[in-house]
Amino acid sequence: MTTNSTVLISGASVAGPALAHLLHRGGYQVTVVERAPAVRGGGYAVDFRGAAFEVLDELGILAEVREHDTKMRGTTLIDETGAETGLLPAEAFAGELEVPKSDLTRILYRITADDIEYLFDDSIATLTEHEGGVTVEFERGATREFDLVFGADGIYSRVRRLAFGPHEQALHHLGLSGAGFTTDNYLGLDHQGMLQLDGNAAVYLFSAGDPRRLTVSLSFATASPALDRCGRDEQQAAVRAAFADRGWQAPRLLAAMAEAEDFSFASTCQVQLDSWSKGRIALLGDAGYCAAPTAGMGTSQALLGARSLARHLSVADGDHRAAFAAYEAELRPYVTENQIKGREAVAMFGGRTAEG
């Protein structure tokens, strides 16, 4: 058994279970805490590029993931009148392989459920590091001790806020926010997308997994990510204001938004930190270095980060200081490149700035 053998990971989406699986192979006792009551469903499709395929193969799930390929055929560009003006290839949004996020998280949970302790419907309340480990107080469960703690809990990471400081210090808003939901596939899209860009707003529609459903993204320019912390009523009011004068499908989509049971809202932000670790606590995936959804690299970064962190902990024989330094040195150039791409691409969807 390696030193620093008990590990807590916050977040059960992609980065967390991937890291849990790889660390368990290396002899670690791993616990994953997730504030949701069960494995999360829904969400947009996620795509894989480059070396991410190597990680899927190492996890033993590449063939199964390929079975859930959305097989998107491309996205039609639409002008303000609804006329077609061009076609983007499938790779523009779907990468080399695209699957529904719910399928990926279900697969990752299945391969870890027998070996990893999952604490659903709970969250970290406090983190207190001491010479021998980290004392963790949970919102619901009993206080426990761990050798190492990892935050894989998204751009509004609880671990990052507790250990590194307020969200405002790490989040860099790229001038774009948006709503997402599904509605009836009244346009009859078949593994296809439609994108209308109009000034400081964009409508992106597609149908992939379920042919009866149309996935909707309504994005628009914003000055800050403050709406992320607001209630649904205020968020929808902002969306309606941004699209009030838009034609084409906007009126029907705004009506559908009010009825959607799976409404979500998020701003396009990057996470930028001088260091991804602090003592015995480290970050991975969006929690540590989100490149923004416009980069199309979130899932790949999560998987590569998990592999790098697990590998360097193994090589360092449990010396977390050496492992964390090597992990960051290996991955930061890759993340920096992806964050540049994320900033460059945000203007396409109505963001006010592409500067970082």
Side-chain angles (χ1 to χ4, degrees), residues 6-21 23 29-44 46 100-113 115-129 134-146 148-168 170-171 179-181 225-232 235 261-267 269 271 276 278 280-290 293 298-299 301-302 305-306:
T6 59
V7 169
L8 174 66
I9 300 172
S10 177
S13 180
V14 176
L19 178 63
H21 187 66
L23 288 180
Q29 299 175 18
V30 184
T31 298
V32 175
V33 61
E34 167 58 53
R35 64 180 180 178
V39 178
R40 295 176 186 267
Y44 292 120
V46 296
K101 186 175 183 180
S102 58
D103 288 328
L104 177 62
T105 54
R106 176 182 51 78
I107 292 169
L108 288 170
Y109 176 69
R110 194 199 72 243
I111 67 170
T112 55
D115 303 312
I116 305 303
E117 178 188 22
Y118 278 89
L119 305 177
F120 287 107
D121 198 24
D122 207 347
S123 185
I124 298 172
T126 67
L127 294 169
T128 305
E129 183 175 355
V134 183
T135 302
V136 181
E137 292 184 354
F138 293 94
E139 296 284 355
R140 296 177 180 271
T143 298
R144 293 171 59 175
E145 294 285 334
F146 295 92
L148 302 172
V149 174
F150 299 113
D153 42 358
I155 67 166
Y156 289 103
S157 166
R158 174 68 65 89
V159 171
R160 190 186 67 234
R161 182 176 64 78
L162 292 172
F164 293 76
H167 293 312
E168 293 76 14
L171 289 181
F181 56 93
L227 282 166
D228 291 2
R229 296 305 196 186
C230 295
R232 176 169 176 168
Q235 291 169 347
E261 297 181 355
D262 55 358
F263 174 85
S264 62
F265 190 95
S267 294
C269 298
V271 174
W276 300 339
K278 189 173 183 180
R280 293 175 173 270
I281 301 167
L283 305 170
L284 71 156
D286 284 353
Y289 36 81
C290 178
T299 305
Q301 285 192 164

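Values below: every heavy atom of this structure, side chains too, minus hydrogens, waters and symmetry copies. This is a predicted model, so every value here is computed, not measured.
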Quiz item: Would you say Leu8 and Ile124 make side-chain contact, with heavy atoms under 4.5 Å?
Solution: yes
Quiz item: If you round to the nearest 0.5 Å, how far is OG of Ser157 from CG of Leu162?
Solution: 8.0 Å
Quiz item: Between Ile155 and His167, which heavy-atom pair has the shortest distance, and what is it?
Solution: O-ND1, 4.3 Å
Quiz item: Can you find a pair of side-chain heavy atoms, one from Leu283 and one from Tyr289, that are under 4.5 Å apart?
Solution: no
Self-check item: From Glu137 atom CD to Thr128 atom OG1, the distance as rounded to the nearest 0.5 Å
Solution: 6.5 Å
Quiz prompt | Chi angles and distances behind the side chain to side chain contact (heavy atoms under 4.5 Å, CB included) call for Leu119, Glu117 | solution = CA-CA 7 Å; Leu119 305 177; Glu117 178 188 22; 3.7 Å; yes
Practice problem: With side chain to side chain contact (heavy atoms under 4.5 Å, CB included) as the test, would you mind laying out the steps for Tyr109 and Ile116 before giving the verdict? | Solution: CA-CA 9 Å; Tyr109 176 69; Ile116 305 303; over 6 Å; no
Quiz item: Which atom pair, heavy atoms only, marks the closest approach of Ala287 to Gly151?
Solution: CB-O, 3.6 Å
Practice problem: For Asp286 and Gly298, indicate whether the former's side chain and the latter's backbone hold a donor-acceptor pair under 3.5 Å. | Solution: no
Quiz item: Taking all atoms of both residues into account, what is the closest heavy-atom pair of Val32 and Ala20, and its distance?
Solution: CG2-CB, 4.0 Å
Self-check item: Closest non-hydrogen atom pair, Gly285 against Ala15
Solution: CA-CB, 4.5 Å
Self-check item: Side chains of Val271 and Arg160 in contact at under 4.5 Å (non-hydrogen atoms)
Solution: yes
Self-check item: Short side-chain to backbone donor-acceptor contact, Asp122 and Glu139, under 3.5 Å
Solution: yes
Self-check item: Between CG on residue Leu171 and OG on residue Ser267, distance to nearest 0.5 Å
Solution: 9.5 Å
Quiz item: Ion pair present between Arg40 and Glu34, side-chain N to carboxylate O less than 4.0 angstrom?
Solution: yes
Exercise. Grab the two heavy atoms, one from Val14 and one from Ala302, that are nearest each other, plus how far apart they are.
Key: CG1-CB, 4.2 Å
Quiz item: In Å, rounded to the nearest 0.5 Å, how long is the span from CG of Leu23 to OG1 of Thr6?
Solution: 11.5 Å
Exercise. Give, for atom CD of Gln301 and atom CG of Leu284, the distance between the pair rounded to the nearest 0.5 Å.
Key: 11.0 Å
Exercise. Taking atom CZ of Arg140 as the centre, report whether more than 12 heavy atoms of other residues, nucleotides or ligands fall under 6.0 Å from it.
Key: no
Quiz item: How long is the gap from CG on Leu227 to CZ on Phe265, to the nearest 0.5 Å?
Solution: 4.5 Å
Quiz item: Would the number of heavy atoms belonging to other residues, nucleotides or ligands and lying under 6.0 Å from CZ of Arg35 be above 12?
Solution: no
Quiz item: Which residues pass the ring pair (Phe, Tyr, Trp, His ring centres under 6.0 Å) test with Phe138, sequence neighbours left out?
Solution: none
Quiz item: What do the steps show when you test Val39 against Tyr118 for side chain to side chain contact (heavy atoms under 4.5 Å, CB included), and what is the final call?
Solution: CA-CA 10 Å; Val39 178; Tyr118 278 89; over 6 Å; no
Practice problem: Only counting residues at least two apart or in another chain, list the ones meeting side-chain contact (heavy atoms from CB on, under 4.5 Å) with Val134. | Solution: Leu127, Glu129, Val136, Val149, Arg280, Ile281
Quiz item: Of all heavy-atom pairs between Thr105 and Ser13, which one has the smallest distance, and what is that distance?
Solution: CG2-O, 3.5 Å
